[in-house]
Amino acid sequence: MTEWKRTYYCGKLRPEDVGVTVCLNGWVHRWRNHGGVLFIDLRDSTGLVQVVFHPENNKDLFEQAETLRNENVIAVRGRLEKRPAETVNPNLPTGEVEVIAQELVILNKAKTPPLQIDDRITVDEALRLRYRYLDLRRPEMQKYLAVRHRVAKLTRDFLDQKGFLEIETPMLTRSTPEGARDFLAPSRLSPGKFYALPQSPQLFKQVLMVAGVDKYFQIARCFRDEDLRADRQPEFTQIDLEMAFVDREEIFALMEELVQVLFKELTGFESVRPFPRLSYHEAVRRFGTDKPDTRFAMELTDFSDLVKETEFSIFRQVVAGGGSVIGITAPGCGNYSRRELDELPRLAADFGARGLVYFALTGEGIKSPVAKFFTPGQLTAICERAQAREGDLIMMVADETEKAREILGGLRLEFGRRLQLIPEGRHDFLWVIDFPLFELNKETRRIESMHNPFAAPLPEDRAFLESEPLRVRGDAYDLVLDGVELGSGSIRMHQRELQEKVFAILGISPEEAREKFGFLLNAFDYGAPPHGGIALGMDRLVTILTGAESMRDVIAFPKTAAGACLLTGAPAEVEPAQLQELSLVSLADRDLIVVKKRKNET
RNA sequence: GGAGCCGUGGUGCAGCCGGUUUAACACGCCAGCCUGUCAAGCUGGAGAUCGCGGGUUCGAGUCCCGUCGGCUCCGCCA
């Protein structure tokens with residue numbers, strides 16, 4: 001190979017280099033045989049360059065080149081020359097030059113690939129995942145890999161410069177209650193016992209604070225055994241950090257600077273600091289979600305007081321029952337056809353609505369199936385409140401306040417997209433702050449942590465911890481970008497008594513707390529500094545930075561919706577001997593039999 | 001756990017309410033021609049038991065049920 005070692009990268013060749021003899025290594029991207037002249041587009045990680053073979057130069061060489069096929073791996077030696085003016089390809093960075101081949105060696109042949117190495121071709125994603133090594137050869141995917149690397153590198157440099165230490169924490173740790181389902185790893189040395197893969201390094205980074213580390217960070221792999229979504233993988237990466245002796249202002253300033261650097265370096269986007277802030281309650285009230293996309297307005301409007309005494313009984317009843325009538329105004333949709341209007345309730349139902357009322361402000365007045373229940377004065381008041389003008393469409397949902405807001409939040413996003421209200425190239429950062437510390441699980445009627453059980457209550461709300469826990473706000477915050485929850489963090493509790501009190505409110509007994517979190521509580525006994533931190537979802541961040549269609553595109557080897565790796569076939573069965581060694585018995589086969597029996601009976 | 005969409009040569013797809021082609025078209029592949037193309041062009045060719053299993057029917061790529069795989073959403077994800 002020494003003899004054929006490359007001297008230049010394909011995509012880097014420029015007119016300035018003309019005249020040199022180059023040796024290139026790469027893949028045959030495409031070939032064009034014109035009989036009397038043959039072109040090869042040679043591809044490496046940097047891009048393409050055209051290689052030319054003339055039969056009159058060297059007949060044997062030409063015949064050798066004629067055997068080349070797509071994705072053959074070759075080394076070529078030749079002279080870099082300027083292309084004749086009329087043959088310059090302006091679509092290629094190397095389009096002004098070409099390599100006149102002198103020697104060629106095929107380093108490896110390739111079967112005809114099952115997917116074409118081309119950004120323009122759409123291929124079934126399952127096939128892409130099965131042949132990931134071919135999919136990743138596509139320039140677009142190479143770019144994603146590079147951007148991801150740059151994010152990690154810039155983050156490391158930035159945090160290093162700010163005095164952070166990158167510290168690894170265990171991947172084999174213990175299962176803790178609450179939160180997501182753990183991935184477990186059985187212990188061979190302790191039969192019947194299990195490690196859990198970390199859902200996040202949360203506990204370790206807090207212990208590191210007690211250990212006197214002033215600033216910690218880690219580009220940490222996290223594992224959660226929950227069902228997948230387009231933006232959720234069972235293993236994912238967080239930019240995780242924690243600082244001692246901080247308040248949230250310091251964390252906000254740091255993170256704003258970091259993401260500003262990342263966006264500027266990688267997309268050229270200039271973010272404006274400081275980022276705006278919304279309290280959780282305000283976000284939910286105005287946008288119907290705790291992660292609002294503020295790139296467009298169309299905020300929620302509360303009509304409850306206006307409609308509580310109308311003849312429309314559904315509105316009256318809902319408001320009387322403590323619920324709300326919430327709406328949004330879709331600009332320019334007042335001219336919707338009958339059919340489009342009829343579709344609205346079904347659309348709303350997708351977001352959980354039991355019904356939807358609309359008022360279309362047409363040129364001939366207000367069109368609505370329920371208009372007859374409202375006096376002209378009431379209709380005017382509604383339009384005024386909605387800031388609706390002729391040509392607009394007001395949509396309303398009546399329900400439990402929280403639910404109505406959520407439904408409208410969903411409709412708002414839907415119409416924002418549909419009406420293309422989101423400006424191209426714009427990015428909105430937003431801090432959502434003062435999250436409630438707890439929320440009520442409607443099914444179990446139990447109090448649960450909204451963020452995590454380590455977020456500190458806001459000092460001014462601490463008095464209500466025992467009397468009205470649901471009223472207590474935490475010093476917890478989310479970084480929201482374009483309607484995506486990019487990061488989440490909090491100032492933590494660092495005193496044992498307070499942490500134990502919160503555990504108690506969460507229904508974790510003192511025994512369980514000692515059993516599962518004893519090491520943290522004990523650590524707090526020995527002079528734990530006030531501390532806090534945040535973790536950014538790196539996969540989501542890179543997805544937005546690259547504009548990738550799917551989070552799977554920015555992960556080299558992602559899992560499918562069913563949690564499978566189509567490249568390796570994981571998860572897979574293991575040898576019975578392996579199970580035995582781990583003192584495990586699989587119930588999978590037995591369950592299968594039970595299920596089959598039950599189905600045959602019915 | 002639930003719902004929706006998808007599955008047809010190597011790839012992307014057409015095939016509508018069951019019978020009209022020999023399952024169309026494009027890309028790719030193979031062969032021939034071709035001296036400046038660059039998603040080359042022209043000519044010809046090979047390649048598909050329509051994901052799998054059952055059912056309905058005189059007849060199923062097409063309808064029904066099940067199943068497998070992929071995607072999306074709800075639940076879930078402190």
Side-chain angles (χ1 to χ4, degrees), chain A residues 29-42 48-57 62 66 69-71 83-92 94-95 98 100 111-131 134 176-182 199-200 202-203 222-234 236 349-352 406 410 414 435-439 441-443 446-455 474 476 485 488 490 502-503 506 508 535 537 549-550 552 559-564 566 569 596 599-600:
Chain A
H29 186 67
R30 234 185 284 278
W31 52 278
R32 293 175 292 281
N33 188 350
H34 290 239
V37 59
L38 191 156
F39 302 101
I40 297 286
D41 289 338
L42 189 62
L48 297 176
V49 72
Q50 175 163 281
V51 181
V52 189
F53 295 84
H54 291 290
E56 58 267 31
N57 287 2
F62 188 84
E66 280 189 305
R69 290 297 178 265
N70 288 349
E71 299 309 308
R83 289 196 194 187
E86 66 278 13
T87 66
V88 164
N89 184 350
N91 302 319
L92 227 51
T94 61
E98 60 191 6
I100 310 301
K111 296 209 283 193
T112 301
L115 49 97
Q116 288 171 56
I117 316 301
D118 191 329
D119 285 340
R120 286 166 303 222
I121 304 285
T122 56
V123 186
D124 178 56
E125 194 169 353
L127 197 70
R128 292 175 50 199
L129 293 175
R130 184 150 40 246
Y131 295 96
L134 297 180
T176 52
E178 291 205 64
R181 197 177 290 114
D182 283 319
Q199 295 181 26
S200 82
Q202 181 66 32
L203 294 161
C222 305
F223 304 87
R224 293 179 191 175
D225 188 8
E226 297 294 344
D227 287 4
L228 287 79
R229 285 287 185 284
D231 60 348
R232 251 165 45 194
Q233 285 275 308
F236 60 99
D350 288 345
F351 297 103
E406 199 182 306
E414 171 68 25
F435 275 78
L437 201 53
F438 307 108
E439 64 185 336
N441 183 319
K442 292 226 170 77
E443 266 174 43
R446 283 180 51 178
I447 286 180
E448 295 176 352
S449 291
M450 194 145 189
H451 256 69
N452 70 32
F454 311 104
E485 182 195 317
S488 188
S490 64
V502 167
F503 280 153
L506 292 169
I508 301 173
E549 253 176 61
S550 158
R552 290 182 295 276
K559 306 278 191 289
T560 68
L566 298 183
K596 273 182 185 159
K599 280 196 176 158
N600 288 343

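Proteins come first, then strands; the chains are lettered A, B, ... in the order of their sequence lines, and each starts at number 1.
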- Query: A:L92 CG to B:U37 P: how many Å, rounded?
  - Reply: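 Result: 15 Å.
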- Task: Starting from P on B:U35, measure out to CG on A:L38 and report it in whole angstrom.
- Result: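 Value for this atom pair: 12 Å.
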Expressed in whole Å, how much space separates the [atom1] atoms belonging to [N] and [M]?
N     : M     : atom1 : result
B:A24 : B:G12 : C1'   : 14 Å
B:G51 : B:U11 : P     : 13 Å
B:U72 : B:C52 : C1'   : 24 Å

Atom pairs under 3.5 Å, N or O on each side, protein against nucleotides 40-44 of chain B: can you list them with distances?
unit_1 : atom_1 : unit_2 : atom_2 : d
B:A40  : OP2    : A:R30  : NE     : 3.2
B:A40  : OP2    : A:R32  : NH1    : 3.3
B:A40  : N6     : A:N33  : O      : 2.9

- Just compare B:U35, B:C76, B:C71 and give me whichever is closest to any side-chain atom of A:E226.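 The nucleotide sitting nearest to the side chain is B:C76.
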- Query: Among B:G12, B:C77, B:U37, which is the nearest nucleotide to the side chain of A:R224?
  - Reply: B:C77
- Task: Assign each of A:K559 and A:F39 to its nearest nucleotide of RNA chain B by heavy atoms, then name whichever residue's nucleotide is nearer the 5' end.
- Result: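 Result of the comparison: A:F39.
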- Exercise: identify the closest heavy-atom pair between A:R83 and A:T87: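 For A:R83 and A:T87, the tightest heavy-atom pair comes out as NH1-O, 2.9 Å.
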Sort me out a list of protein N/O and nucleotides 2-10 of chain B N/O pairs below 3.5 Å, or just none if empty.
unit_1 : atom_1 : unit_2 : atom_2 : d
B:G10  : O2'    : A:P114 : O      : 3.3

With a 3.5 Å cut-off and heavy atoms only, can you find an N or O donor on one side and an acceptor on the other between the side chain of [X] and the base of [N]?
X      : N     : result
A:R229 : B:G75 : yes
A:R128 : B:U11 : no
A:R83  : B:C38 : yes

- Task: Hunt down the Watson-Crick or G-U wobble partner of B:G59, both distances under 3.5 Å, from any strand shown, or write none.
- Result: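 The answer is none; no pair meets the criterion.
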- Item | Partner nucleotide, any strand, of B:A3 [Watson-Crick/G-U, under 3.5 Å] | B:U72
- Query: So, is A:R232 near the phosphate of B:C71, with a side-chain N or O under 4.0 Å from OP1 or OP2?
  - Reply: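 No, no such contact exists.
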- Query: Looking only at side-chain N and O atoms, does A:T122 come under 4.0 Å of OP1 or OP2 in B:G12?
  - Reply: no
